Amino acid sequence: MMSNILIIAEHNGKELNSSTAKCVTCAKKIHPDSIDVVVLAADSHQIATEAAALEGVSKVIRVDHPVNEYPLAATLAPQIIELANKYTHILGPSTTFGRDLMPRVAALLGVGQLSDIMGVENAYRFKRPIYAGNVIVTVEAPSDRILIATIRSASFAASEQTGNAIIEKYSINVDLPKHTSFLDLRSDSGSSRPDLQTATKVVSGGRALGSKDNFDLIYELADVIGGAVGASRAAVDSGYVGNDLQVGQTGKIIAPDLYIALGISGAIQHLTGMKDSGTIVAINKDEDAPIFEIADFGLVEDLFTAIPDLIAALEK
Amino acid sequence: MKILIPLKRVIDYNVRVRINPDGSGVVRDGVKMSINPFDEIALEEALRIKERGEATEIIVITIGTQENQQQLRTGLAMGADRAILIETSEELEPLTIARALKVLIDREDPQLVIMGKQAIDSDNNQTGQMLAGLWNRPQATFVSELTLSEGTATAVREVDAGLEVIKVKLPAVITSDLRLNEPRYVKLPEIMKAKKKPLDTIPFSELGMTPETQFSIVSIETPPKRPKGIMVENVSELAKALQDRGLI
Ligand SMILES: Cc1cc2nc3c(=O)[nH]c(=O)nc-3n(C[C@H](O)[C@H](O)[C@H](O)COP(=O)(O)OP(=O)(O)OC[C@H]3O[C@@H](n4cnc5c(N)ncnc54)[C@H](O)[C@@H]3O)c2cc1C
Ligand SMILES: Nc1ncnc2c1ncn2[C@@H]1O[C@H](COP(=O)(O)O)[C@@H](O)[C@H]1O
């Protein structure tokens with residue numbers, strides 16, 4: 001059976017997001033006849049060049065249009081529908097971008113969606129987590145219709161940048177809805193620290209930090225090891241950091257080589273966001289904290305003494 | 001203005017979900033069931049809108065078995081005006097749920113549908129976006145702040161890059177994130193009063209559509225356990241272990 005895959009590129013208007021390279025890796029596991037990537041942007045030149053370099057991509061489709069300056073599902077979905085009939089699968093990342101967009105695409109095509117693919121058995125059989133990752137199901141999709149799915153980024157490595165796909169421009173002729181408009185993006189990041197979703201090391205703090213000022217301890221340790229900063233929902237809710245740093249079922253799902261959890265109890269909703277990390281370290285003053293059940297290295301200690309000591313030990 | 005709140009009955013978020021020994025599904029016997037936490041937040045938001053005088057009626061809707069009445073009653077006790085149970089014993093996929101909700105929208109003509117961003121059992125995160133697509137109306141997903149004015153809604157959305165602000169024309173579908181609000185506790189007198197509020201049951205078959213199942217579950221398993229870790233005695237042992245492994 002032929003399979004032709006279309007991947008919806010995620011980007012910030014300038015650069016390709018790493019989630020796209022992970023979708024490509026997932027797509028390759030399907031062993032398709034072709035993998036195309038579509039870039040919907042105001043000016044897609046640079047992003048398309050990055051996408052064309054991803055190993056495994058056959059063709060990059062550039063759809064340049066002023067309305068594509070901001071990623072609004074209501075305007076992107078009808079454009080994707082225009083392209084859909086050539087494909088057996090349309091994949092997007094299971095980031096907030098893909099989660100917002102892909103179900104709308106599916107509904108417009110009159111088909112269901114498979115969310116958060118974490119493993120590929122064959123072109124129509126996949127593994128995905130449910131119940132906050134406490135249960136894994138293998139799901140079979142019908143092969144007689146287009147499959148819309150989102151890809152759990154933490155489960156796939158990024159495809160290498162050794163490819164050289166052709167790039168084509170495409171202009172879409174559909175009426176786009178005008179009922180939705182972008183107003184603003186407020187972002188804390190833009191810092192020089194590594195990005196939480198791509199970092200190989202992450203230092204995360206929880207409610208135990210107690211204040212925004214105390215959370216500086218987490219930043220200090222992160223800087224010493226060259227890591228990104230993450231947080232539990234309790235830390236975000238308490239206003240210590242912005243929502244873009246939240247790790248978990250309702251935050252980011254990440255799998256760095258090293259994850260250090262400081263003053264985080266280990267609720268299942270947090271664990272689902274980080275339990276695929278290479279090495280997990282936990283420091284907590286409660287020896288019964290559930291985080292220790294999944295930690296490779298655990299230390300029962302007050303973090304207000306442990307973090308400064310750890311910084312001193314690592315700086316030596 | 002009418003607001004529709006679709007809510008799902010799910011295993012309570014505090015329960016540690018386990019798989020049946022025969023691998024047929026997850027253990028449900030004697031397990032605490034609740035309103036999906038995101039849906040409770042959606043309802044709370046609607047109640048606040050109504051309390052500000054910006055809405056006139058709040059309708060809670062669920063699709064499922066008779067047992068779902070329990071969650072509808074809780075919704076009524078929180079302050080919803082009436083409830084609708086679309087009765088079916090089948091486990092339905094988000095597209096079918098969205099199609100069924102669209103039938104209700106055509107009957108009720110709401111200006112706003114506020115629902116959870118995700119059901120914490122299937123973790124699909126699809127239904128709101130699908131409903132907005134089928135309805136051909138705007139969607140504001142993962143919302144942590146909502147303001148209404150003159151036929152539009154301004155929504156602050158929690159996205160990976162931070163907080164995105166969008167403006168949508170009504171009618172629209174809003175899906176709630178956890179930080180939108182903190183739902184109220186229901187008091188006993190409200191539970192008693194809620195018993196008198198209208199709760200209609202509509203058999204799914206009366207919606208004039210057939211449910212469609214696209215995906216079948218081949219197998220269900222518990223994720224592999226991580227190997228047991230080591231408890232270190234102090235910080236220097238920890239620093240050494242990490243350095244020895246080349247992690248730092
Ligand atoms: C639907 C839903 C979705 C959710 N999604 C997420 C999510 O995406 N991410 C997430 O993180 N949570 C999520 N949660 C919340 C989750 O259930 C927990 O409430 C949250 O993770 C707790 O954060 P915490 O570990 O920082 O705080 P707590 O549970 O309060 O733990 C604090 C820990 O710090 C320890 N401690 C205290 N003082 C010290 C000290 N001085 N030194 C060392 N240790 C100390 C304590 O022993 C305790 O273990 C969700 C909840 C729901 C219902
Ligand atoms: N059976 C149902 N009855 C009513 N509402 C539902 C049902 N299933 C899902 N929903 C709504 O759709 C939202 C998203 O669910 P899901 O797409 O399954 O993650 C939930 O938070 C509910 O608001």
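Nothing here was measured: the structure is a model prediction, and the numbers come from that model. Atoms considered below: every heavy atom in the structure, side chains included; atoms not considered: hydrogens, waters and symmetry mates. By convention in this document, chain letters (A, B, ...) are assigned in the order of the sequence lines, proteins followed by strands, and residues within each chain are numbered from 1.
Between T200(A) and the options I225(A), L258(A), D257(A), a side chain to side chain contact (heavy atoms under 4.5 Å, CB included) holds for only D257(A).
Counted within 6.0 Å of CG on D22(B), heavy atoms from surrounding residues, nucleotides or ligands total more than 12; the atom is thus considered enclosed. Counted within 6.0 Å of CD on E182(B), heavy atoms from surrounding residues, nucleotides or ligands total 12 or fewer; the atom is thus considered open.
When heavy atoms are compared at a cutoff of 4.5 Å, D184(A) approaches chain B by way of both its backbone and its side chain. Looking at L170(B), there are no atoms closer than 4.5 Å to chain A (heavy atoms on both sides), in backbone or side chain. For Q214(B), the parts sitting under 4.5 Å from any heavy atom of chain A are the backbone and the side chain alike. Residue contact with chain B, scored on non-hydrogen atoms closer than 4.5 Å, is absent for D144(A). No part of P177(A) comes within reach of chain B, as not one of its non-hydrogen atoms sits under 4.5 angstrom from that chain. Heavy atoms of L299(A) lying under 4.5 Å from chain B belong to its backbone as well as its side chain. Contact annotation for L95(B): only side-chain heavy atoms (C-beta onward) come within less than 4.5 Å of a heavy atom of chain A. Contacts between I311(A) and chain B at a heavy-atom distance below 4.5 Å are absent for every atom of the residue. Using a 4.5 Å cut-off between heavy atoms, R18(B) makes no contact with chain A at all. Within the 4.5 angstrom heavy-atom criterion, only side-chain atoms of L108(A), from C-beta onward, approach chain B. Neither the backbone nor the side chain of P94(B) comes within contact range of chain A, judged by heavy atoms closer than 4.5 Å. Using a 4.5 Å cut-off between heavy atoms, V111(A) touches chain B through backbone and side chain atoms alike. If you measure heavy-atom distances from T154(B) to chain A, the contacts under 4.5 Å come from the side chain alone. Heavy-atom distances place the side chain of I11(B), and not its backbone, under 4.5 Å from chain A. Of the two parts of F142(B), only the side chain, counted from C-beta on, holds a non-hydrogen atom closer than 4.5 Å to a non-hydrogen atom of chain A. Contact of A77(A) with chain B is not made at all, since no heavy-atom distance falls under 4.5 Å. Contacts between R128(A) and chain B at a heavy-atom distance below 4.5 Å involve the side chain alone, from C-beta outward. Both the backbone and the side chain of Y13(B) come within contact range of chain A, each with at least one heavy atom under 4.5 Å from a heavy atom of that chain. Of the atoms belonging to K127(A), it is side-chain heavy atoms, and not backbone ones, that fall under 4.5 Å from chain B. For chain A, the nearby part of K117(B) is the side chain; its heavy atoms alone come within less than 4.5 Å. Proximity to chain B (any heavy atom under 4.5 Å) is restricted, for Q269(A), to the side chain, taken from C-beta onward. Only the side chain of L72(A) has a heavy atom closer than 4.5 Å to any heavy atom of chain B. Looking at Q246(A), the atoms closer than 4.5 Å to chain B (heavy atoms on both sides) all sit in the side chain, from C-beta outward. Using a 4.5 Å cut-off between heavy atoms, V10(B) makes no contact with chain A at all. For chain A, no part of A98(B) is nearby; none of its heavy atoms comes within less than 4.5 Å. Contacts between L114(A) and chain B at a heavy-atom distance below 4.5 Å involve backbone atoms as well as side-chain atoms.
Between the CG atom in L163(B) and the CZ atom in R157(B) there is a gap of 10.5 Å [rounded to 0.5 Å]. Annotation: the span from Q111(B) atom CD to L4(B) atom CG amounts to 11.5 Å, rounded to 0.5 Å.
When only modelled atom types and interatomic distance are considered, S115(A) and Q126(B) share a side-chain donor-acceptor pair under 3.5 Å. Inspection of the S155(A) and R152(A) side chains reveals an N or O donor paired with an N or O acceptor under 3.5 Å. Side-chain contact, E10(A) with S19(A): a donor N or O sits under 3.5 Å from an acceptor N or O. Side chains of Q129(B) and R104(A): a donor-acceptor N/O pair is absent below 3.5 angstrom, by distance only.
L146(B) has its side chain within reach of V143(B): a pair of non-hydrogen atoms, C-beta onward, lies under 4.5 Å apart. Side-chain contact check for N68(B) versus K8(B): every heavy-atom pair is 4.5 Å or farther apart. Between I105(B) and V113(B), some side-chain heavy-atom pair lies under the 4.5 Å cut-off. Contact check for M115(B) versus L101(B): side-chain heavy atoms found under the 4.5 Å cut-off. You'll find the side chain of D160(B) stays beyond 4.5 Å of the side chain of D244(A), heavy atoms only. Side-chain contact between L109(A) and I148(A) is present, with at least one heavy-atom pair separated by less than 4.5 Å.
We find that D237(A) and R179(B) are joined by a salt bridge, their nearest charged nitrogen and carboxylate oxygen being less than 4.0 Å apart. Ion pairing between a basic and an acidic side chain is recognised when a charged N comes within 4.0 Å of a carboxylate O; R145(A) and E212(B) show such pairing. The pair R28(B)-E91(B) meets the salt-bridge criterion, since a charged nitrogen lies less than 4.0 angstrom from a carboxylate oxygen.
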TODO: Any chance you could lay out the salt bridge (charged side-chain N to carboxylate O under 4.0 Å, His left out) test for D12(B) and K32(B), step after step, and finish with the verdict?
DONE: CA-CA 6 Å; D12(B) 188 85; K32(B) 183 177 178 208; 3.7 Å; yes

Inset, instruction - I would like to know whether L43(B) and I41(B) meet side-chain contact (heavy atoms from CB on, under 4.5 Å); could you show each step before the answer? - result: CA-CA 5 Å; L43(B) 173 56; I41(B) 292 168; over 6 Å; no

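Ranking V105(A), T150(A), T279(A) against chain B, the residue ahead of the rest is T279(A), based on heavy-atom pairs under 4.5 Å. Among R137(B), Q243(B), E233(B), the residue making the largest number of heavy-atom pairs under 4.5 Å with chain A is R137(B). The candidate from S181(A), A313(A), G227(A) with the greatest count of non-hydrogen atom pairs under 4.5 Å with chain B is S181(A). Chain A forms the most heavy-atom pairs under 4.5 Å with one residue out of I217(B), I19(B), T96(B), V17(B), and that residue is V17(B). Note: L310(A) leads L310(A), D195(A), N12(A) in heavy-atom pairs under 4.5 Å with chain B. Ranked by heavy-atom pairs under 4.5 Å with chain A, the first of K228(B), R226(B), K169(B) is R226(B). If you tally non-hydrogen atom pairs under 4.5 Å between each of Q139(B), K225(B), R99(B), Q118(B) and chain A, the highest count goes to Q139(B). For the options D177(B), N234(B), T222(B), heavy-atom pairs under 4.5 Å to chain A are most numerous at N234(B). Each of V168(B), T152(B), L131(B), V218(B) has some count of heavy-atom pairs under 4.5 Å with chain A, and the biggest count is that of V218(B). By number of non-hydrogen pairs under 4.5 angstrom with chain B, the leading residue of D100(A), L245(A), D296(A) is D100(A). Annotation: maximal heavy-atom pairing with chain B below 4.5 Å, among A107(A), S94(A), P103(A), occurs at P103(A). In terms of non-hydrogen atom pairs under 4.5 Å with chain B, the most contact-rich of E293(A), K252(A), Q197(A), R233(A) is R233(A).
Between F182(A) and Y70(A), the ring-plane angle classifies as parallel under the 30° and 60° cut-offs.
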